[in-house]
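One structure is given here, and the rest of the page talks about it.
Values below: all heavy atoms of this structure, side chains included; hydrogens, waters and symmetry mates excluded. Note that the structure is a prediction, hence the values are computed from the model and not measured.
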Amino acid sequence: MASTTTTLSQLLFNPHPLLHQNPNKESQFLSRSSSFFSSSGYVRPRLRPHNKPIFPKLLLIHKRIKFKARVQKGDSSGGEEAESLVSDATSQEAFSWASVILPFLFPALGGVLFGYDIGATSGAVLSLQSPELSGTTWFNLSAVQLGLVVSGSLYGAVLGSLLVFPIADFLGRRRELLVAALLYLLGGIVTAYAPGLGVLLTGRLLYGLGIGLAMHGAPLYIAETCPSQIRGTLISLKELFIVLGILLGYFIGSFEINTVGGWRYMFGFSAPAALLMGLGMWSLPPSPRWLLLRAVQGKGSLQEYKEKAIYALSKLRGRPLGDRLSERQIEDTLASLKSTYASDESEGSFWEVFQGPSLKAFIIGGGLVLFQQITGQPSVLYYAGPILQSAGFSAAADATRVSVVIGIFKLLMTGIAVLKVDDLGRRPLLIGGVGGIAVSLFLLCAYYKFLAGIPLVAVAALLLYVGCYQISFGPISWLMVSEIFPLRTRGRGISLAVLANFGSNAIVTFAFSPLKELLGADNLFLLFGAIALLSLLFAIFFVPETKGLSLEEIESKILK
């Protein structure tokens, strides 16, 4: 044992010439050494300070061997080291940012189009109801009709989430986004050329179906195709794209607000972006992980699916098609999937989402997107105009300009989350942000109860809410949803989480007015503050840290 330990230390700090000359020997060395030390209980030798490792990759091998032995011996003190090893391992994948841009950009356009609908609708309803500017004879809409125009895309998104549940794994991430782009395109065109209210509502529903599919497929595709070490950054950046879409909608709305029939341009401007999204997704390969999942589920030839996955990964990373590095990564992922699902049925059943690891993932992901809505996010933004106006900001007199100001601030705070999510981690941002949300809601309650004479309190509370939401619930919820579900049930699990998000959004939106009349604005914000405290406890006790873990490692280390 002592001689073997000495040999390994010599390899680390005075590498063997054969290993130096032929890096392929490294994998053989790892395999043989790992099997030996896992049975002999290897203990790492003490290293003198002057011993500097020449080959960091060999040092990582050395640490992996030691950690594996300790785990198999039942040594729980290896937990912290496991996290560092995972981080080290996942950071080893080489990639170029140029190769990452397009596989992120085209799915993220689905988020832009979702945000655009939010921003454009606020201006479109003003234009649509104006006798002078609507350009229609049916501008005099009732409250119910106006509510259907505003929320039509929201109900379409709920319906889209329901429809995609049973077919997500059949369609695959790429085809799902292609269908979403087509629905966006049809919805935008039908709405822009609507001759009457019925056709307008049909277009809103079609567009909403696109939202439901895009908000399900985009985080899936990005999470499954990007390198692990930047997964948090890219999925959080998708939230930034949603905010960019909101800003774009506000801008187009303010630009076309004085045009006769301007609402048609506001809704129709989404069509070119939807076409670009569709063409972009057509040029991208399917998700390699989805291809391997279909192979493990017995949906076709294993060798054929494996070759397609190697081709897809090579294309995504900008490497020569079928290169050895992509082949090795696909082999590793396939081996992991086979070991995970060897004793299971070839395909998950409907109820499997509510069992075992999938249930744990659904509690985490579904809880986050539920609290994201029921902490009052739509209601707080509804009050943005009156709050700023009470503080004497001249911009508050113009709803579109106020919206742009809020949107710019949302954009800046989301940028902070994007920059820090893979550095600080998910939990610190989530816990800190949700704590700030609770404080802001209690401040708004205090403002409406007894601090009405100090309007700056309300402005500070509003900005605190928006800022804290954009560094916590905004990006982190969708990030956790995209990475927490096991691959076997990921498609169905995320569709349920998206359904929970849009369903709770609809409930909060329509319950706001009755609750406001029943409780008053002060007590309504007090209620939202209490819910925010519950969501803070949920984040502390139920939400794990997934920074630096590959999707397979999240499944094996956190959910089991």
### Message
Taking the side chain as everything from C-beta on, heavy atoms only, tell me whether Val418 gets closer than 4.5 Å to Pro475.
### Response
no
### Message
Restricting to non-hydrogen atoms, name the atom on Gly433 and the atom on Cys468 that form the minimum distance, rounded to 0.1 Å.
### Response
O-CB, 3.2 Å
### Message
Would you compute the distance between atom OG of Ser358 and atom CG of Leu496 and round it to the nearest 0.5 angstrom?
### Response
10.5 Å
### Task
For the residue pair Ser472 and Leu430, establish whether any side-chain heavy-atom pair is separated by less than 4.5 Å.
yes
#### Entry: Interatomic distance, Gln373 atom CD to Ile531 atom CD1 [nearest 0.5 angstrom]
12.0 Å
### Query
Okay, side chain of Ser504, backbone of Asn501: is any donor-acceptor separation there less than 3.5 Å?
yes
### Query
Any side-chain donor-acceptor pair under 3.5 Å between Ser287 and Arg173?
no
### Query
What pair of heavy atoms forms the shortest contact from Asp117 to Ser153, and how long is it?
OD2-OG, 2.7 Å
### Query
Do Lys547 side-chain atoms and Asp423 backbone N/O form a donor-acceptor pair below 3.5 Å?
yes
### Query
Given Leu526 and Phe442, is the side chain to side chain contact (heavy atoms under 4.5 Å, CB included) satisfied, shown in steps?
CA-CA 6 Å; Leu526 181 62; Phe442 288 130; 3.7 Å; yes
### Query
Leu534 and Thr375: side chain to side chain contact (heavy atoms under 4.5 Å, CB included), yes or no, with the steps?
CA-CA 10 Å; Leu534 288 177; Thr375 46; over 6 Å; no
### Task
Give every residue pair that meets the salt bridge (Lys or Arg N to Asp or Glu O under 4.0 Å) criterion with at least one member in residues 424-435, sequence neighbours excluded.
Asp422-Arg426, Arg426-Glu483
### Query
Considering all heavy atoms of both residues, which atom of Leu524 and which atom of Leu519 are nearest to each other, and what is their separation?
N-CB, 4.3 Å
#### Entry: Approximate separation, where rounding is to 0.5 Å, of Cys445 SG and Leu451 CG
9.5 Å
### Task
To the nearest 0.5 Å, tell me how far Arg317 CZ sits from Thr225 OG1.
7.0 Å
### Task
Report yes if some heavy atom in the side chain of Val434 is under 4.5 Å from a heavy atom in the side chain of Phe371; otherwise report no.
no
### Closest contact, heavy atoms only, Leu429 versus Ile471
CB-O, 3.5 Å
### Message
Would Leu368 and Phe538 count as a side chain to side chain contact (heavy atoms under 4.5 Å, CB included) here? Give the steps.
### Response
CA-CA 8 Å; Leu368 283 174; Phe538 176 82; 4.2 Å; yes
### Summary
Interatomic distance, CZ@Arg319 vs CG@Leu325, rounded to 0.5 Å, equals 4.0 Å
### Message
Restricting to non-hydrogen atoms, name the atom on Tyr469 and the atom on Gln372 that form the minimum distance, rounded to 0.1 Å.
### Response
OH-CG, 3.2 Å
### Donor-acceptor contact present, side-chain Tyr184 to main-chain Gly110, <3.5 Å
yes
#### Entry: side chain to side chain contact (heavy atoms under 4.5 Å, CB included) between Val498 and Phe502, intermediate numbers included
CA-CA 6 Å; Val498 172; Phe502 287 118; 3.4 Å; yes
### Message
Is there a side-chain contact between Leu237 and Phe241 in this structure, where contact means two heavy atoms from C-beta onward sitting under 4.5 Å apart?
### Response
yes
### Task
Kindly compute the distance separating OG (Ser440) from CZ (Phe525), expressed to the nearest 0.5 Å.
9.5 Å
### Message
Which heavy atom of Gly111 sits nearest to which heavy atom of Met215, and what is that distance?
### Response
CA-SD, 4.3 Å
### Criterion side-chain contact (heavy atoms from CB on, under 4.5 Å) against Ile431, the qualifying member of Leu536, Ile476, Val543
Leu536
### Task
If the plane angle is over 60° it's perpendicular, under 30° parallel, otherwise tilted; pick one for Phe362 and Phe485.
tilted
### Task
Taking the side chain as every heavy atom from C-beta outward, state whether Pro219 and Val481 have any atom pair closer than 4.5 Å.
no
### Task
Among Leu105, Leu316, Ile222, Leu234, find the residue that satisfies the side-chain contact (heavy atoms from CB on, under 4.5 Å) test when tested with Val100.
Leu234
### Query
Are any of the side-chain heavy atoms of Phe106 and Leu109 separated by less than 4.5 Å?
yes
### Query
Can you check ring pair (Phe, Tyr, Trp, His ring centres under 6.0 Å) on Tyr465 and Phe528, steps first, answer last?
CA-CA 12 Å; Tyr465 184 97; Phe528 285 142; 8.7 Å; no
### Query
So do Ile484 and Pro544 actually touch side chain to side chain, heavy atoms under 4.5 Å?
yes
### Query
With side chains defined as the heavy atoms from C-beta onward, is the minimum distance between Leu499 and Val158 less than 4.5 Å?
yes
